[in-house]
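Report on the structure given below.
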Amino acid sequence: MIKQTPLINDFVTVPRRKSDGLKLNIIGQSRQSLLEQLSIAGIRDEHLKMRLDQIWGWLYQKGITDFSQMKNISKEARAVLENHFVINIPQIVKKEISRDGTRKYLLKLTGGHEVETVFIPEVDRGTLCISSQVGCTLTCSFCHTGTQKLVRNLTTSEIIGQILLARHDLQDWPTKEKSLARQPRKLSNVVLMGMGEPLYNFEAVKDAMYIAMDPSGISLSRRRITLSTSGVVPEISKVGSEIGCMLAISFHATTDEVRNNLVPINKRWNISALLNELRNYPRLSNSERITFEYVMLKGINDSDEDARRLINLIKGIPAKINLIPFNEWPGAPYKRSSNNRINAFATIIHNAGYSSPIRRPRGEDIMAACGQLKSVTERERKSKKQIIQEITS
Ligand code: SAH
Ligand code: SF4
C-alpha cells in the first residue's frame, strides 16, 4: 500500500478570481475558454480569433503587464478587457543566483503556498525547470520535494506564469532594436522537472503547454519541452497523444525490490507494467527517443550488473539514458556514486549503443539541482525514519 500525502486541492478551493470577485486572470486561459470569456465580456467582434491572437501576442510574446499597452487593440476593447480581466503572474519572493549562473526563484502563490522554478543557462540553450505542484504526493526516498507535507496542484496560470516571470527576470523579450526572430531566446527549453508529479495534474499541465507551444503564445517547439514522470502508467500515453512534448521517465532502478524503495509508485505500477506501456507509447521513434532518468546512488543502484540489467530491460525501446549524480540535501538517506562508478556505468550503457550523458549538477550551491527543491519556509520535514516507514509499509 503506498501512503500518499493528501492533496489539499481536494478540500481547499483555490480562488480563480481576484478578491473583488469579478476579474478573471487572463494568463493561463486556454484558447477556447478565453474566446468564450471575451465574448461574455462583450467583445462581439467578428474577428474574435484574430483579437485573441493579438492579445496573446502582447501577453506571451511581448511580455506586457498592462492592458493599456496593447496598442493595436481599440480603446473600447481595452476598457472591456480591463473591466473583466487582470494580468497576474506569480510573485518572486526570493531570487538566488548560483556561481554557475543558475537562477532559482522562490514564488509565492495565491493562498500563500510557495514553489520553486530554476533557470539553467547553457552555451547553446537556456532551460527553465518548472514546477507542476506545491510539494508532491509521491514520496521518492531520494527526493527532497517528496519530504514536503503540503501539496496542492498548480493552476494553468501558475504553470505558464513561471515561464513569464523568468522571461521578465532575464529580460528575454524582443525590443525595437532586436526582434526575437533574430536574437536567440535566453529561455529556449522547458522541462517539467521541478516540484511535483506533472501527470497528477495533467489537465492544467496540458493547457499550460498548449500556450507554451502555440505560435501566438510562447511559441516553443514541442521538442523543446520535456515532461518527466515517476511512472503514472495510465496517464503516460496522453503525453504523446494529447500534448506531444518529449517524455522522460524517472526509472532509477532495475529490480522491483529496489525501485519499490526509491520510487514507491512502483508498488502500484511495477517495472514490467511501466515498460509495457512505454513499448506502446504513441510517439515512439528513433527521432523521438524516451529519456530514462537514472539517479546514481552509491551502493544502491550503481553496479555493473544494474547497468547490464537496464540494457536488457529497455531493449526495443528507442531510448537515451540520462545519468544523474545524486544531489544531496540535508538529512538525505543516500550518497552520490563516485565519478569512477558513474563513468563505468555510463560506458556499459554506451557500449550497448545507447546515448548515456551524465548530467552535470547545476546550482548546487543554492540547492537548485534536481531533487533539491523545496520551498525554504516549509520547514516541517518528515524524518528519515518516517520516510523509511512509509516506503517499507
Ligand atoms: N515528479 C517528476 C518530475 C520532478 S522530479 C518525476 O519524478 O519524474 C525531476 C527529476 O529529478 C526526476 O528524475 C527525479 O527522480 C530527479 N531527482 C529527484 N531527487 C533527486 C536528487 N536528490 N538527486 C538527483 N535527482 C533527483
Ligand atoms: Fe515527486 Fe518526482 Fe520527487 Fe518522486 S522524484 S517525490 S515523483 S517530485
Side-chain angles (χ1 to χ4, degrees), residues 2-5 7 115-118 120 127-154 159 162 190-202 205 225-233 235-236 239 245-253 258-269 274 290-298 300-302 320-337 342 358-364 367-375 381-382 387 390-391:
I2 318 163
K3 284 203 183 139
Q4 283 194 3
T5 316
L7 195 63
V115 286
E116 286 164 322
T117 305
V118 177
I120 307 147
T127 303
L128 191 71
C129 178
I130 61 179
S131 295
S132 55
Q133 298 184 303
V134 177
C136 184
T137 52
L138 303 171
T139 49
C140 302
S141 51
F142 55 90
C143 173
H144 204 201
T145 304
T147 67
Q148 186 172 323
K149 282 186 173 166
L150 199 62
V151 182
R152 85 150 162 87
N153 279 336
L154 297 194
I159 298 170
Q162 293 172 66
V190 166
V191 291
L192 281 145
M193 293 187 187
M195 298 167 74
E197 169 48 61
L199 294 190
Y200 275 162
N201 189 13
F202 186 79
V205 165
I225 300 175
T226 304
L227 182 151
S228 170
T229 177
S230 57
V232 184
V233 166
E235 301 289 308
I236 288 179
V239 177
C245 63
M246 306 306 282
L247 175 68
I249 301 288
S250 292
F251 202 62
H252 306 319
V258 176
R259 197 164 190 268
N260 282 346
N261 282 336
L262 298 180
V263 189
I265 200 172
N266 195 69
K267 295 181 198 168
R268 180 79 179 80
W269 296 287
L274 175 58
I290 294 174
T291 299
F292 283 73
E293 294 162 283
Y294 198 95
V295 63
M296 298 298 294
L297 302 168
K298 192 179 199 145
I300 304 284
N301 62 355
D302 61 353
K320 158 180 155 184
I321 292 103
N322 214 331
L323 300 176
I324 318 174
F326 174 58
N327 296 310
E328 296 189 8
W329 38 270
Y334 302 106
K335 291 266 170 270
R336 178 183 291 183
S337 309
I342 298 177
I358 301 169
R359 198 181 287 170
R360 190 160 53 99
R362 299 293 303 267
E364 280 189 297
M367 289 276 289
C370 276
Q372 289 182 318
L373 299 186
K374 179 185 167 97
S375 32
R381 211 180 60 224
K382 291 176 200 169
I387 297 171
E390 282 186 3
I391 62 182

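Remember, predicted model here, so these are calculated numbers, not experimental data. First listed ligand is number 1; within each ligand, the first listed atom is number 1.
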So does [Y] get a backbone contact from the side chain of [X], meaning a donor-acceptor N/O pair under 3.5 Å?
{"X": "Thr229", "Y": "Gly231", "answer": "yes"}
{"X": "Tyr200", "Y": "Cys136", "answer": "no"}
{"X": "Gln162", "Y": "Ser131", "answer": "yes"}
{"X": "Asn201", "Y": "Leu154", "answer": "yes"}

Taking only heavy atoms of [X] into account, list the atoms of ligand 1 that are under 4.0 Å away from them.
{"X": "Thr229", "answer": "6 (C), 8 (O)"}
{"X": "Ile324", "answer": "24 (C), 25 (N)"}
{"X": "Phe326", "answer": "21 (C), 22 (N), 23 (N)"}
{"X": "Cys143", "answer": "18 (C), 19 (N)"}
{"X": "Trp329", "answer": "22 (N)"}

Judged by non-hydrogen atoms, does [X] sit under 4.0 Å from ligand 1?
{"X": "Gly196", "value": "yes"}
{"X": "Tyr334", "value": "no"}
{"X": "Gly194", "value": "yes"}

Give me the atom names and distance for the closest heavy-atom approach of Gly196 to Ser132.
C-OG, 3.6 Å
If the condition is side-chain contact (heavy atoms from CB on, under 4.5 Å), which residues does Ser228 pass it with, not counting sequence neighbours?
Met193, Ala248, Ser250, Glu293
So, leaving waters aside, the tally of protein N/O/S atoms less than 2.8 Å from atom 3 (Fe) of ligand 2 stands at 1
Test of understanding: given a 4.0 Å heavy-atom threshold, classify the contact between Val295 and ligand 1 as side chain, backbone, both, or neither.
side chain
Once side-chain hydrogen bond (donor to acceptor under 3.5 Å, both in side chains) is applied, do any residues pair with Asp302, and if so which ones, sequence neighbours excluded?
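Once residues adjacent in sequence are excluded, the partners of Asp302 under the side-chain hydrogen bond (donor to acceptor under 3.5 Å, both in side chains) criterion are Ser337.
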Listed by chain and number, what are the side-chain hydrogen bond (donor to acceptor under 3.5 Å, both in side chains) partners of Arg336, not counting sequence neighbours?
Asn327, Glu364
Measure the spacing between [atom1] of [X] and [atom2] of [Y] and express it to the nearest 0.5 Å.
{"X": "Ile324", "Y": "His252", "atom1": "CD1", "atom2": "NE2", "result": "5.5 Å"}
{"X": "Leu323", "Y": "Arg359", "atom1": "CG", "atom2": "CZ", "result": "10.0 Å"}
{"X": "Asn153", "Y": "Phe202", "atom1": "CG", "atom2": "CZ", "result": "13.0 Å"}

Nearest neighbour of atom 15 (O) of ligand 1 from the list Met195, Glu293, Glu328, His252, on a heavy-atom basis
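The nearest heavy atom belongs to His252.
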For ligand 1, is there an N or O atom under 3.5 Å from any N or O atom of Phe142?
yes
